There are 2 protein chains.
Amino acid sequence: MSEDRMETEAPEEKKDVTDLLLQDILTGTLPAGTWLKQIDLERRYDCTRPEVRRALDRLSQKRLVQHNPNRGYQVYELDDQRTREISDIRVILETGIADRMIANATPEAVRDLRELANVFDEMSFRGSIMEHYDANLAFHRALLMLAGNIELVNIIAEIRQRTASAPVSQWRTRARIEQSAREHHLMVDALEARDLPELRRLIEIHIRQAPIKA
Amino acid sequence: MSEDRMETEAPEEKKDVTDLLLQDILTGTLPAGTWLKQIDLERRYDCTRPEVRRALDRLSQKRLVQHNPNRGYQVYELDDQRTREISDIRVILETGIADRMIANATPEAVRDLRELANVFDEMSFRGSIMEHYDANLAFHRALLMLAGNIELVNIIAEIRQRTASAPVSQWRTRARIEQSAREHHLMVDALEARDLPELRRLIEIHIRQAPIKA
DNA sequence: GTAGGCGGAATTGGCTCCATTTTTGGAGAA
DNA sequence: TTCTCCAAAAATGGAGCCAATTCCGCCTAC
């Protein structure tokens, strides 16, 4: 009838302001420390004041922006201390479920993971920064899904968002990207071989972004 | 001058509406499935419409209430699946840092924890349900603080809020409360004795609220 | 008698206006 | 010339108003 006209007539889909602001923070378009003035965001995303406010409130709940009462909001500036703490948490969680990932690693799951690792490789050549980021997310999401704990997947996704502003800038280096890609494949290898210690070692290396050895 | 008059003249401190609503959900005053009409909440907490809306939005982000567009909000009905998953996450995290808790367990820290465990005992006799809940939170917060990871303390606090509605009802039984109190003291004992396997065992039992043995 | 459609009441959700607070720029004095 | 104080402008944050959507009850028609 008249419901499906939108798809072609209005290509600019109405995405949520929260997501748009989140993307700009994650991609580094709005660097850490930037003051997020409501007027500016209103014009930037062509939305109303309450929408801006809700987005800022949500992101401050997620600790992505800092709220200074009667002063304003600014992109969260995370120090090395906190970055290390968050990495520690991820290491504990993700190595803690490595055994379950191996237990549920069916041949089909391994094949799917390999495909997602390949997509990541592909995107590092031809994709935009956001497509690349999404491909990475998709791989890790599928990997964590093997543990059979959906809540855990969501929590790790939230945690990773808290510290994503730094890694994205680290991604700028070609060497780091290629190492990540290699680590993805190595993790799938360890998964297929059901080598628990090796998988745990790789996960820790991957999270801490340490130089790979051996 | 005139700033410190509040303390005595206005005993009704202005708490955040989000916290008040959260408490009513956690204590079971608003059971699962209850429709949260904005006009009711406005009168119930004597606040304005925007405050109610922000509280509902925040709690829906935390998945404590469910948002039905153009219909309203209702208290989230959590299934056993999710409860188990969240317990698993807590077990992994809290047993995963048990070694660090032992490493940082100074005599003073052990003494403070014992005191907090005593406060919990005290509150189970003479405190309100909320004071009891807070005493429990304070003990676990201090215990987790030993790991020296502030982010982790916050994350566990968030996670625990997601599924607290069920446990609170379980608290109704006197036997369960007394077991929790005993487990607190046993955990401090294991910490003092630097018995890592025993501490891990106790933490898992405590989180899963399983019957204690030995 | 029952089912379907219609109208009114109530609730949600967006928007704009306004007060309070902070900041910045300028003017005056040391 | 520089520091301080005051005033004006701008930004935050709150509150109430109004439109849009939904739900419930009633009436009508079959």
Side-chain angles (χ1 to χ4, degrees), chain A residues 1-6 9-10 12-22 24-25 29-77, chain B residues 1-6 9-10 12-22 24-25 29-77:
Chain A
M1 302 292 185
S2 62
E3 300 151 353
D4 48 334
R5 59 181 158 74
M6 285 301 168
E9 281 190 19
E12 358 87 18
E13 59 220 69
K14 268 291 172 189
K15 283 203 64 174
D16 188 17
V17 187
T18 310
D19 292 334
L20 295 174
L21 181 55
L22 179 64
D24 282 342
I25 291 175
T29 310
L30 297 169
T34 307
W35 284 97
L36 301 171
K37 289 210 276 269
Q38 298 184 2
I39 290 269
D40 292 343
L41 301 180
E42 204 172 334
R43 283 195 275 259
R44 180 183 241 269
Y45 302 115
D46 189 38
C47 59
T48 64
R49 182 63 61 95
E51 282 177 306
V52 171
R53 259 187 235 175
R54 192 176 42 186
L56 287 172
D57 187 68
R58 283 182 179 175
L59 293 183
S60 71
Q61 291 292 310
K62 287 186 181 175
R63 323 254 322 249
L64 271 156
V65 303
Q66 190 178 10
H67 177 44
N68 312 58
N70 287 325
R71 299 273 312 279
Y73 297 81
Q74 56 180 334
V75 181
Y76 211 85
E77 191 110 39
Chain B
M1 298 293 188
S2 62
E3 300 151 353
D4 48 335
R5 62 182 156 73
M6 285 301 167
E9 282 190 18
E12 0 85 17
E13 59 219 71
K14 269 292 173 190
K15 283 203 68 176
D16 189 16
V17 187
T18 310
D19 292 333
L20 294 174
L21 181 55
L22 179 65
D24 282 341
I25 292 175
T29 309
L30 297 170
T34 308
W35 283 97
L36 300 171
K37 288 209 279 266
Q38 297 183 3
I39 191 88
D40 291 343
L41 300 179
E42 200 172 337
R43 283 195 275 257
R44 181 179 172 85
Y45 302 115
D46 188 37
C47 60
T48 64
R49 183 63 60 96
E51 281 177 306
V52 170
R53 257 186 238 174
R54 191 176 42 185
L56 287 172
D57 187 68
R58 284 182 179 176
L59 293 182
S60 70
Q61 290 294 308
K62 288 186 183 175
R63 325 248 331 239
L64 272 157
V65 303
Q66 191 178 9
H67 177 43
N68 312 58
N70 286 325
R71 299 272 312 281
Y73 297 80
Q74 55 181 335
V75 181
Y76 207 82
E77 193 110 35

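Here is how names work: the chains are called A, B, and so on, in the same order as the sequence lines, proteins then strands, and each is numbered from 1. Since this is a predicted model, take the numbers as computed values, not measurements.
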| remark: Contacts satisfying ring pair (Phe, Tyr, Trp, His ring centres under 6.0 Å) that involve residues 52-74 of chain B (not counting sequence neighbours) are H67(B)-Y73(B)

| Angle of first-five versus last-five pair axes in the helix from dG1(C)-dC30(D) to dA30(C)-dT1(D), to 10 degrees |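 That helix gives 10° between its end axes.
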
To the nearest 0.5 Å, tell me how far [X] [atom1] sits from [Y] [atom2].
X	Y	atom1	atom2	value
Y76(A)	T34(A)	OH	OG1	15.5 Å
L21(B)	L30(B)	CG	CG	6.5 Å
D19(A)	Y45(A)	CG	OH	11.0 Å

Taking atom [atom2] of [N] as reference, at what distance in whole Å does atom [atom1] of [X] sit?
X	N	atom1	atom2	result
D57(B)	dG13(C)	CG	P	10 Å
N68(B)	dT11(C)	CG	C1'	13 Å
E42(A)	dC15(C)	CD	C1'	11 Å
D16(A)	dG13(C)	CG	C1'	14 Å

| said: Walk along nucleotides 17-24 of chain C from 5' to 3' and tag each nucleotide B, S or - by protein heavy-atom contact under 4.0 Å, base first, then sugar-phosphate. | reply: ----SSS-

| Residues that T29(B) engages under side chain to side chain donor-acceptor pair (under 3.5 Å), provided they are two or more places apart |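 Scan of T29(B) (side chain to side chain donor-acceptor pair (under 3.5 Å), adjacent residues dropped) gives T27(B).
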
| query | 5'-most contact on DNA chain C: P50(A) or L36(B), nearest heavy atom basis? | reply |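 Residue closer to the 5' terminus by nearest nucleotide: L36(B).
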
| query | Where is the tightest heavy-atom contact between A32(B) and V75(B), given as atom of each residue plus distance? | reply |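 Looking at all heavy atoms of both residues, the closest pair is CA-CG1, 3.7 Å.
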
| Mind checking what makes side-chain contact (heavy atoms from CB on, under 4.5 Å) contact with N68(B), not counting sequence neighbours? |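 Testing N68(B) for side-chain contact (heavy atoms from CB on, under 4.5 Å), a comparison that skips the adjacent residues, returns W35(B), Q66(B), R71(B), Q74(B).
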
| Got a sec, which residues hit salt bridge (charged side-chain N to carboxylate O under 4.0 Å, His left out) with R43(A), two or more places apart in sequence or on another chain? | none

| field | Covered region of DNA chain D, 5' end to 3' end, by chain A [heavy atoms, under 4.0 Å] | value | dA11(D) to dG14(D)

For residues 48-64 of chain A, run the donor-acceptor check on the side chains, cut-off 3.5 Å, and write out each pair with its distance to 0.1 Å, sequence neighbours left out.
{"residue": "T48(A)", "atom": "OG1", "partner": "E51(A)", "partner atom": "OE1", "Å": "3.3"}
{"residue": "R49(A)", "atom": "NE", "partner": "E42(A)", "partner atom": "OE1", "Å": "2.9"}
{"residue": "R49(A)", "atom": "NH1", "partner": "Q38(A)", "partner atom": "OE1", "Å": "3.4"}
{"residue": "R49(A)", "atom": "NH2", "partner": "E42(A)", "partner atom": "OE1", "Å": "3.2"}
{"residue": "E51(A)", "atom": "OE1", "partner": "T48(A)", "partner atom": "N", "Å": "3.1"}
{"residue": "D57(A)", "atom": "OD1", "partner": "R58(B)", "partner atom": "NE", "Å": "3.3"}
{"residue": "D57(A)", "atom": "OD1", "partner": "R58(B)", "partner atom": "NH2", "Å": "2.7"}
{"residue": "D57(A)", "atom": "OD2", "partner": "R58(B)", "partner atom": "NE", "Å": "3.0"}
{"residue": "R58(A)", "atom": "NE", "partner": "D57(B)", "partner atom": "OD1", "Å": "3.3"}
{"residue": "R58(A)", "atom": "NE", "partner": "D57(B)", "partner atom": "OD2", "Å": "3.0"}
{"residue": "R58(A)", "atom": "NH2", "partner": "D57(B)", "partner atom": "OD1", "Å": "2.6"}
{"residue": "S60(A)", "atom": "OG", "partner": "L56(A)", "partner atom": "O", "Å": "3.3"}
{"residue": "S60(A)", "atom": "OG", "partner": "D57(A)", "partner atom": "O", "Å": "2.8"}
{"residue": "R63(A)", "atom": "NH2", "partner": "E151(B)", "partner atom": "OE2", "Å": "3.3"}

